[in-house]
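Excluded from the calculations below are hydrogen atoms, water molecules and symmetry mates; all remaining heavy atoms, backbone and side chain alike, are included.
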Amino acid sequence: MRGSGRKLLTAIAGSANEEADIRRSLVESLYASPKSLAIGALSGLLLSIAIAHISHDPVMTGCAVIISLIALARTISATFYFRKLKTRVAKDYRIWELAYELGAWGYAAMLGTLALVTLLRSDDSAIHILSVSLATGYSAGISGRNAGRIKIAVGQTCLALLPTVLGLWLEGHFGYRILAIVLFVMIFAMRDITQTTHRIVVEALRGKQEKTLL
């Protein structure tokens, strides 16, 4: 009986360690391509600055400033952690996961807020195109890039697109409301893409672990 109990505890501990290793690998995948994160941050920074410059609106300018600061902070932190990963001295991955999560959600929320503000405070269709395209393009990109952590990717999609959908609907024009419906449906499609990609990645990691054990 004692032998069976020890085997059971060993199996449970081994399973827990495997899951922890997989989670660590998934978190590391978030930081695996700092260039793509930097490109996304730069795109948001440039377009938000363009919106602020065209509109001369203090609220939009404030949003642009916040977006720029978050973009800069995320790029610096991602580059720093990526270098630690390359030198294999990266520790406390859960803290880095939380830092990435908060930064990602904050950035996505500000893009959604900027889209909402531009749609409600401006009649300039050029500004509308810039803000909605930014929120939509960013959401499409991160649905696959951040699939390692589903809640981060889905949270970003919702935070970026739901305010955009609301702004488009409240703007009132027929075309805008049709686009609002399309973007709302896209949220569910992007969620499915994220879940499918996540499952493929996890299965690949488990297969790699099994080969290592053999």
Is the shortest side-chain heavy-atom distance between [X] and [Y] below 4.5 Å?
X	Y	result
L170	L119	no
I54	L130	yes
F184	W169	no

>> Could you report the tightest heavy-atom contact between I70 and M110, atom names first, then the distance?
In response: CD1-CG, 4.0 Å

Nearest 0.5 Å, please: how far is [atom2] in [Y] from [atom1] in [X]?
X	Y	atom1	atom2	answer
T194	K151	OG1	NZ	14.5 Å
S55	R121	OG	CZ	9.0 Å
T157	I152	OG1	CD1	11.5 Å
L166	L162	CG	CG	9.0 Å
S131	M60	OG	CE	8.0 Å
I129	L134	CD1	CG	13.5 Å

> Aromatic rings Y176 and H173: how do their planes relate, parallel, tilted or perpendicular, breaks at 30° and 60°?
Replying inline: perpendicular

> With respect to T136, which candidate in L111, L179, L183 satisfies the side chain to side chain contact (heavy atoms under 4.5 Å, CB included) definition?
Replying inline: L183

> Tracing side-chain links under 4.5 Å among I, L, V, M, F, W and Y, which residues wind up in one group with L69?
Replying inline: V65

>> If hydrophobic clusters are built from ILVMFWY residues whose side chains come within less than 4.5 Å, do V182 and V165 share one?
In response: yes

>> Consider side-chain hydrogen bond (donor to acceptor under 3.5 Å, both in side chains). Of W105, Y107, Y138, which one does Q156 pass it with?
In response: Y138

Between side-chain atoms of residues 37-49 and protein atoms elsewhere (two or more places apart, or another chain), which donor-acceptor pairs fall under 3.5 Å?
residue : atom : partner : partner atom : Å
S43     : OG   : I39     : O            : 2.8
S48     : OG   : G44     : O            : 2.8
S48     : OG   : L45     : O            : 2.9

> Just wondering, more than 12 heavy atoms not from D123 lying within 6.0 Å of its CG?
Replying inline: no

